[in-house]
Structure formats: C-alpha cells, structure tokens
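Every heavy atom of this structure was used, including side-chain atoms; hydrogens, water molecules and symmetry mates were not. Computed from a predicted structure; not experimentally measured.
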Amino acid sequence: MSDPKIPSRRLPGLLLAAGLLAAGAAQAERVGAYHAYLTPEGWAQRGRVAPTEAAAGSVLYYGGSVIGNVKLVSVMWGANVRSTTVSGIPGFSAALVNSSYVDQMAEYDTFLRAVDGRRGTKQHIQRGSYLGQVQITPANPSKSLSNADVVAELTGQIAAGVLPPQDPDTLYMVYFPADTTITIDGLRSCTHFGAYHFASKTKRMRPDNILFSVEPDCGYSFNTITFIAAHEFVEAVTDAIPTPGSNPAYPQAWNTSNGYEVADLCSNSGSLVTATATYSVSQFYRNTTAACSTGNYTSP
C-alpha cells in the first residue's frame with residue numbers, strides 16, 4: 001500500500017488512514033464510541049461522504065482530562081514488527097515527548113470551566129518522559145484482533161509486570177506486525193483506518209484507566225508511521241478519553257463543537273529535529289493563534 005499524502009479522517013480516537021486518502025484536514029466521524037482516521041472505504045461503509053475540509057475554529061473544553069506529564073511507552077506486539085519500526089520508534093518517541101512540539105500544546109491546560117460549567121481537571125501539559133520500548137509476547141496469538149482483545153492484552157501484560165503500570169499520565173503506543181489486523185466497530189485496520197487512540201474506561205478518568213494507541217502496519221514509509229503516531233500522540237494528550245465523537249461532551253477534553261480533535265484541523269506535516277535525526281510529525285490546531293502549530297520542532 002502506498003503512503004497517503006496525509007493520513008486523514010478520524011472517528012473519536014481513530015486515525016483512518018491507509019494510502020487511499022486525499023490531501024486535506026483530517027475529520028472526525030462518530031462510529032459507536034470511537035474516533036477513526038477513515039479511508040474513503042471507511043466513509044462509504046458508514047454511508048457517508050467524507051467532508052473535504054474540517055471547519056477551522058475555536059477548540060472548546062468539555063471538562064475531561066488531558067495528559068499533563070506524559071510517560072510514553074512504545075509497545076511492540078510480538079517479535080514480527082517491522083525492523084525499521086522496532087529500531088526507529090525509540091529515538092522518535094524520546095524526541096517527541098521532550099520537544100518544542102509539546103511546548104506548543106501547553107495552551108490546552110484545564111485550569112478553567114468547561115462549556116457545561118463543570119470545573120476543569122487543573123492540569124497543565126508539559127514535556128514528558130519516555131519510559132522505553134517493550135516487546136511483548138501476546139497471550140492472544142490471533143492475527144485478527146478486536147479493540148477488546150487489545151485492551152485485554154495490555155491489561156494482562158501490565159498485571160504480569162511486563163509493561164510499566166498504568167496511571168493517568170502513561171500512554172502505551174502499540175505497534176503491530178503487518179500480518180495482524182485490528183477491527184473496531186466494523187472497521188478494519190489499513191482498509192478503513194490507519195490508527196486510533198482510546199482509553200480502556202470511557203466514563204471518566206480513573207487510576208486504572210489504560211490510555212493507548214493502536215498503530216497497525218499498513219506498509220507505509222517510516223516518515224508516514226511517525227506522522228500518524230504524532231497525530232495520535234497529540235490527540236491522546238489533549239483528549240485522553242475520546243468518546244462522544246460528533247457530539248462532544250464530558251469526559252472528552254478539547255474538541256470543536258462538532259467533534260474534531262486538535263490534529264484533525266491541520267493536514268500538513270512538520271519536522272521534529274534532533275541532533276542526530278529528523279522525524280515527520282503532524283501539525284495540530286492552536287487556539288491562541290487560530291492556526292496550525294509551526295515547526296521545525298526541536299528536541300530537546
């Protein structure tokens with residue numbers, strides 16, 4: 001599958017990508033409890049026509065949690081994840097959490113009242129830490145997984161001490177082999193979506209909540225893999241529990257009134273530059289400038 005010009009189209013938490021997307025801002029669509037990054041096939045399956053551009057506008061606070069001091073764990077699902085992903089993601093992840101990319105997200109704090117008047121969670125987004133990469137041996141050997149299977153596996157691996165314990169700041173970004181398919185609410189990885197982020201508990205933030213992203217291998221270049229991962233990272237940080245979709249409400253955090261998360265409003269890529277490498281990352285919308293974030297972003 002060829003790289004998309006822009007991995008695009010999401011459902012509450014899902015990056016519907018696949019190398020089938022036209023250039024343009026990613027857009028949210030509700031499918032059950034999920035955001036997805038939809039391909040044209042994904043839109044057709046939902047009986048909808050994909051919008052050509054997200055309406056750029058003010059992002060509103062709905063009272064939910066952000067990830068204030070992210071602790072990122074990259075998780076390799078078994079021994080057959082692509083070697084370039086295995087070798088390249090640690091450097092990318094370490095750079096991502098400690099960068100000016102995160103600095104530009106700092107305006108999405110929660111020291112304010114939500115649109116419904118509820119008190120905010122009093123969090124400020126700051127640079128985080130990279131806890132490292134873990135290759136798990138899945139207890140579930142299936143090559144066809146549901147979102148529930150992913151949650152169950154993460155739960156078991158955390159309980160066994162293979163993965164670091166969960167807390168409201170820990171984000172597990174899970175990368176899969178090319179022969180493994182994930183389905184969520186009738187949507188199939190790489191056919192209908194390219195990635196998503198979600199939470200194991202969706203009513204409110206709890207200490208035992210597992211915050212994670214699903215990053216299937218759709219045959220993209222490493223630059224596109226990091227672009228998609230950055231998109232999911234910024235949206236997980238600014239909207240930790242992405243449940244309601246096109247009708248945002250608590251426990252969601254920052255969304256537009258019609259359910260777009262901050263990276264959905266920006267279609268271009270930027271460069272995250274370190275002393276030894278440059279990575280492609282997704283831009284995201286900033287309320288303070290009414291424009292997309294700007295790079296080159298730097299780390300540290």
Side-chain angles (χ1 to χ4, degrees), residues 1 10-18 31-39 41-42 45 71-90 93 131-168 170-203 206-220 225 228-229 232-233 236 240-243:
M1 182 178 294
R10 346 180 353 108
L11 303 169
L14 281 183
L15 245 178
L16 305 174
V31 174
Y34 310 102
H35 275 290
Y37 209 74
L38 292 170
T39 67
E41 285 82 352
Q45 180 167 321
K71 296 183 288 187
L72 179 59
V73 184
S74 55
V75 181
M76 299 294 133
W77 192 276
N80 296 319
V81 177
R82 199 192 321 183
S83 60
T84 52
T85 301
V86 173
S87 62
I89 287 299
S93 300
L131 300 188
Q133 183 157 290
V134 180
Q135 178 187 303
I136 65 171
T137 301
N140 183 348
S142 176
K143 305 299 183 184
S144 181
L145 302 167
S146 67
N147 182 69
D149 292 331
V150 175
V151 171
E153 190 68 52
L154 292 175
T155 301
Q157 297 287 341
I158 291 166
V162 177
L163 292 174
Q166 77 271 30
D167 64 26
T170 301
L171 176 63
Y172 307 89
M173 300 193 74
V174 188
Y175 297 83
F176 291 84
D179 64 354
T180 300
T181 298
I182 305 94
T183 57
I184 186 167
D185 202 34
L187 301 173
R188 180 183 175 93
S189 60
C190 301
T191 301
H192 301 113
F193 70 85
Y196 64 89
H197 77 92
F198 202 52
S200 63
K201 311 222 183 297
T202 60
K203 292 186 177 179
R206 296 170 35 164
D208 59 348
N209 215 339
I210 300 172
L211 309 178
F212 65 97
S213 75
V214 164
E215 312 283 341
D217 185 341
C218 300
Y220 301 143
I225 290 169
I228 293 171
E232 294 306 319
F233 171 81
I241 304 179
T243 42

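- Here CG of Leu171 is found 11.5 Å from NZ of Lys71. Values are rounded to the nearest 0.5 Å.
- By the 4.5 Å heavy-atom criterion applied to side chains, Asn209 and Ile241 are counted as neighbours.
- Between Ile184 and Phe198, every side-chain heavy-atom pair lies at or beyond the 4.5 Å cut-off.
- Taking CG of Leu131 as the reference point, atom CG of Leu163 lies at 10.5 Å (rounded to 0.5 Å).
- Remark: Lys201 NZ is packed, more than 12 non-hydrogen atoms of other residues, nucleotides or ligands lying under 6.0 Å away.
- Considering only heavy atoms from C-beta on, Arg82 comes within 4.5 Å of Ile225 through its side chain.
- With hydrogens and angles ignored, the 3.5 Å screen pairs no side-chain donor or acceptor of Glu215 with any backbone N or O of Met173.
- Gln133 contributes atom CD, which lies 9.0 Å from atom OG of Ser87 (distance to the nearest 0.5 angstrom).
- In this structure the side chain of Trp77 never reaches within 4.5 angstrom of the side chain of Val214, judged on heavy atoms.
- Closest non-hydrogen pair, Tyr175 versus Ser74, comes out as CE1-CB, 4.2 Å.
- Here the OG1-OH distance, from Thr85 to Tyr220, works out to 12.5 Å after rounding to the nearest 0.5 Å.
- With Gln157 as reference, Val162 is the one residue of Val75, Val134, Val162 to meet the side-chain contact (heavy atoms from CB on, under 4.5 Å) rule.
- Shown here for Glu232 and His197, the closest heavy-atom pair between the two residues is OE1-N, 3.0 Å.
- Summarising the geometry of Ser200 relative to Val151, their closest heavy-atom pair is CB-CG1, 3.8 Å, with the distance given to 0.1 Å.
- The main-chain N or O of Asn140 is found under 3.5 Å from a side-chain atom of Glu153 such that the two form a donor-acceptor pair.
- Residues Val86 and Gln135 are not in side-chain contact: their nearest non-hydrogen atoms beyond the backbone lie 4.5 Å or more apart.
- Between Ala199 and Ala240, the shortest heavy-atom contact is CB-O, 3.9 Å.
- Note that CZ of Phe212 is 4.5 Å distant from CG of Asn147, once rounded to the nearest 0.5 Å.
- Counting all heavy atoms, side chain and backbone alike, Pro141 lies closest to Ala139 at CD-O, 3.3 Å.
- Expressed to the nearest 0.5 Å, how far CD1 of Ile210 lies from OG1 of Thr155 amounts to 3.5 Å.
- Checking each of Leu72, Ile158, Leu211 against Tyr172 for a side-chain contact (heavy atoms from CB on, under 4.5 Å) leaves exactly one that passes, namely Ile158.
- Screening Asp217, Ile182, Thr181 for a side-chain contact (heavy atoms from CB on, under 4.5 Å) involving Phe176 leaves a single residue, Ile182.
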